[in-house]
Each structure stands twice: as structure tokens, then as C-alpha cells.
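Data first, discussion second: the structure below is written as C-alpha cells.
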2 protein chains.
Amino acid sequence: MPQGASRTDSDTCPGGRVCRRHAAGEDPAKRDQILQGAMKEFLEKGFDGASMNEICRAAGVSKGTLYVYFEDKLDLFVALVARERQAIFAGFDALLKGDLPLEDKLTRFGQRLASTICTDHVIQWQRTIAGIVDRMPELGARFYEAAAQRTHDDLNALLRRERAAGRLDVPDPERASAQFIELTVAGIWRARLFGKRRTDPEPDEIEASVASAVQVFMAAYGRTSG
Amino acid sequence: MPQGASRTDSDTCPGGRVCRRHAAGEDPAKRDQILQGAMKEFLEKGFDGASMNEICRAAGVSKGTLYVYFEDKLDLFVALVARERQAIFAGFDALLKGDLPLEDKLTRFGQRLASTICTDHVIQWQRTIAGIVDRMPELGARFYEAAAQRTHDDLNALLRRERAAGRLDVPDPERASAQFIELTVAGIWRARLFGKRRTDPEPDEIEASVASAVQVFMAAYGRTSG
DNA sequence: GCTTTATCGAACCGGTCGGTTCGATTAAAT
DNA sequence: ATTTAATCGAACCGACCGGTTCGATAAAGC
């Protein structure tokens, strides 16, 4: 097994010139490698169930090195959550822009959202986070904000625009956007979270669920029903 | 601190007569006492985070005694989940019977459901269960069945009856009942689960949310819109 | 009274935990 | 070729884990 600093990215030496060796604990590739191993462990065993020794093994990194990159177990976990938090929910806002008809926008947004949050990987994250919310409430809240609340806010803004344009009759856009989000994954997400359903929903199931969600939503809030 | 078998329930002795002393590990009051302490620990720390020593302390029971009543940590946890599972969701079906108008039934059912599953205690249970679903999927599935799925099925049956009576235009009652359930807690439950909101919702918020849910539901599926 | 026995409580088991240390290794920099 | 230092890896720390054992205690049954 190779030792010494791995050379996968360039950096600057004290002399100011480009060099190929990283300072201790500053090789981003090694950092990712550790995070990857940690993710496997944390998602499988939860925060308490995961062991630092196992994380080292899974990451292919010595314990000494790991503790150069991260202060302790909590530090590692927090860094990992922060990374995944934004990786999962990047690019959602773009789906609500453009000048498609409202139904199409909702459908596109709903499909992306529903399929994303019902994925095995994301479901595992949600379980892991939920499991430690009691002892780390701020971490859970931040995860929620980056995920549910951000998409919620984006949708909320769209609904207000549509209302202002007279195409929607929404007394409470805040509530309506929350309702739409829940509708898209009705009957699926919760069953996934609690392990009643153990495989990703098929794309056509997502499509059907979102189509029904759009239909119900428009029936309730559309100005011209149909 | 008193020792010896506590005398809170009657039992039968080998002779067949009523006696006041329980066989080892068969005092239901002591059993409850253990379960109570275990609940506190498991809900606060999760399955892995909870320690058997702490559970003993919290329950006011010696470790030796605890292991007379339960085989091991998992056995205790499973017994506890089984007890709570049915304690939480008892009596929901009754709310859907009688001859009230559909809207009233939905409202009553929705309010009870929403306020129940957003309670601190129930939220903590959901977090704890979700946290170990990966390693104990059957336990999570059974929890889901007793909770979400049972209420879901009850509602489903009601919708089919209403459709048969011509008072509802539901193409897919299965989906519609899931949608209604999600609508009642839209924007609340998820925020509670992830610790974004840390207190029980006020009754009037529940009422407003359920009222909106009924409205949306009836707009989408009611035969006479209004 | 005496016997029975459920419970207590503390010591103990082997194992693993998170975290630390430090000499050996090895590759980059010069 | 030599120096430098990031990483390795194994041993080690004290603490605690889940689980077991067993003599002491005290209440119930006779």
C-alpha cells in the first residue's frame, strides 16, 4: 500500500511556487477518501453505531492520519453532513424558472424532488439524521433547512408569482407549497423511511404520484379548473 | 429502598390459590417499571447510545433483575416498541365510524391523527425507529404497519364506501387516503421530525392545517365542490 | 418462628470504544 | 544523495460497553 502524501491535486509551497506535496491534513483527495469511508459507516450503523476504527478501515486510511484531518468523531460527522446536505439538494431552484406552464413546472419540480428524496441514499441520510436529532438538534435543523425548507421556499416564491399573475387562487402560498411537496410523495416516502418499502420507487410510480399531486393541487388552487 | 417482590397485582401460586408474590421476572408492575426506564433512555439516546446500566438506574432496578425480565438489550427494545406501537395508535378506527357527514369525519380523524403524530413523544419514537431501520428493517416495517398503514387502511375503506355511495369521485382511493394523511400534517410533521420545530404544534395550528387539508381534498375528489 | 426466594448491588468478564502516541516508512524537495 | 515530513500502523490509554455471577437482603408464605 502506497504511503506518503498522495499527489492528486496541486498546491503552493512556502516558496510560492507550485509543488506537489500537501501539508499534513490538507490533501483534499485524502479528505474525500476519509469522508467516503465515514459515510459508508455512518449510514449503515448510525452515529453511535459507527466506530472510528471501522471508518479508518473502510476509508483505507490509518487512524493517525484520520485524526490529522478531523478533530474527533463529531467533527467528522458534521463535516460529512455539511458536504452531503448541499450535494443532494443542489440545482433544485433552477427547475422553477423559465416560462413553462405552471402545471409543467410543478410536474418537473415534483418529479425531481420526489425521486430524489425517495432514493436509497437520501433515505439513509434522512434516517441517520433523524436518529440523532434529539442530541444534535441544530444539525438536524440545518439539514432540514438545506433540504425541505429550501425547496419549500423556492416553490413558495413561484406560487406567489403565479397568484400575482392571476393564474392561481392560493389563499396561503406557504401552506400550499408545503401541501404540494407532501402530495408528490404521498404514500411512498414515509413507507421508505420506516423500511416498509426497501427499494427505490420505479420512475413510472413517481410520475403517477406527481401527476396526481399536480391534479389535486390544481383542483384546489387553480383558477380555471381542469 | 424496598426489596423483594412488589405487590401490585395478584397471581396464582402453584397451589392454585391466589397469592401475592410473583415468580421471578413475572411482576407486571416491575416489568412496566423497567420498560419505562428503558423508554426514557432509548428515546433520548437511541438504541446504540442507550446503555443498559443507565436503563437500570433510570428504572430503579438492579441489573440482575433486569436480565431476569429481559434476555438482552434487543429483547428489551423490541418489547418496548411493541408496547408503544399499539399504545399510540389505539382507537383511531373508531373515528371513521358513525354517520357524520364526510367532511366532519375527515376533520375529526385528521385532527386526531395530526396532533398525535406531531407530539413530542411520538416524534421521538419515530426518530428512534427511523434511526435503526437500516439494521432492523422488520422492526421499522412493523412499526409503520401499526401506525401509518393501519390508519391509512381505515381511511381507505371509508373512501371506498363513500365512493360506492356516490358521494365521492375518487379514481384511486388508495392514493387519495395517503394524500389526505400527508395533507393534514403538511409543513409541520417533517419540520418536527428533523428538529426544525421543537415544540408541539398548538391546537389551532392543527385545526387550520386539517381544515385546509379537508378543503383541498374535497376540491379534488368531492362530487359537489364547495 | 423458620424457610423460601425475588430482588439487590457490586464485582467481574472479555471486548470495544474514542482518542493518543511514536517510531518506521517512503516519497517529495533540494 | 541527502534532508524533510506526511503518512502509516500498531500499541496503548482509560473508560465504558453488554452481559454474567453470586452472596447479601428482606419480604412473603408457612
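Side chains included, hydrogens not; waters and symmetry mates left out as well; all remaining heavy atoms used. Residue numbers begin at 1 in each chain, while the letters A, B, ... track the order of the sequences.
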Taking only N/O atoms, report every protein-nucleotides 17-19 of chain C pair under 3.5 Å with atom names and distance.
from   : atom 1 : to    : atom 2 : distance (Å)
C:dC17 : OP1    : A:S51 : OG     : 3.3
C:dG18 : OP1    : A:A50 : O      : 2.8
C:dG18 : OP1    : A:K73 : NZ     : 2.6
C:dG18 : OP2    : A:M52 : N      : 2.7
C:dG19 : OP2    : A:Y67 : OH     : 3.0
C:dG19 : OP2    : A:K73 : N      : 2.8
C:dG19 : N7     : A:K63 : NZ     : 2.5
C:dG19 : O6     : A:K63 : NZ     : 2.6

Fill in: Those residues that, when tested against A:F92, pass ring-ring contact (aromatic ring centres under 6.0 Å, His included) (two or more places apart)
A:F89
Worksheet item: Between B:R57 (CZ) and D:dC17 (C1'), how many Å, whole number?
Response: 16 Å
Worksheet item: Can you list every pair that meets side-chain hydrogen bond (donor to acceptor under 3.5 Å, both in side chains) and has a residue in residues 137-147 of chain B, with sequence neighbours left out?
Response: A:K196-B:E145
Fill in: Exam field: side chain A:T184 to backbone A:V210, donor-acceptor pair closer than 3.5 Å
no
Worksheet item: How close or far is atom P of D:dG18 from atom CD1 of B:I55, stated in whole angstroms?
Response: 8 Å
Practice prompt. Would you please confirm or rule out a distance under 4.0 Å between OP1 or OP2 of D:dC8 and any side-chain N or O of A:K30?
Written response: yes
Worksheet entry | Test ring-ring contact (aromatic ring centres under 6.0 Å, His included) applied to A:F194 - qualifying residues, sequence neighbours left out | B:F143
Item to complete: Report the distance from atom CG of B:D27 to atom P of C:dT7, rounded to the nearest whole Å.
Response: 6 Å
Worksheet item: Taking OP1 and OP2 of D:dA6, is either one under 4.0 Å from a side-chain nitrogen or oxygen of A:Y69?
Response: no
Item to complete: Kindly write out the residues that satisfy side-chain contact (heavy atoms from CB on, under 4.5 Å) with A:A38, not counting sequence neighbours, or none if the list is empty.
Response: A:F42, A:I55, A:L76, A:L80
Worksheet, complete the sentence: By side-chain contact (heavy atoms from CB on, under 4.5 Å), A:R160 pairs with (sequence neighbours left out) A:N156, A:R163, A:P173, A:E174
Practice prompt. To the nearest Å, give me how far apart CZ (A:R31) and P (D:dA6) are.
Written response: 17 Å
Worksheet item: Would you say a side-chain N or O of A:S62 is under 4.0 Å from OP1 or OP2 of D:dC8?
Response: yes
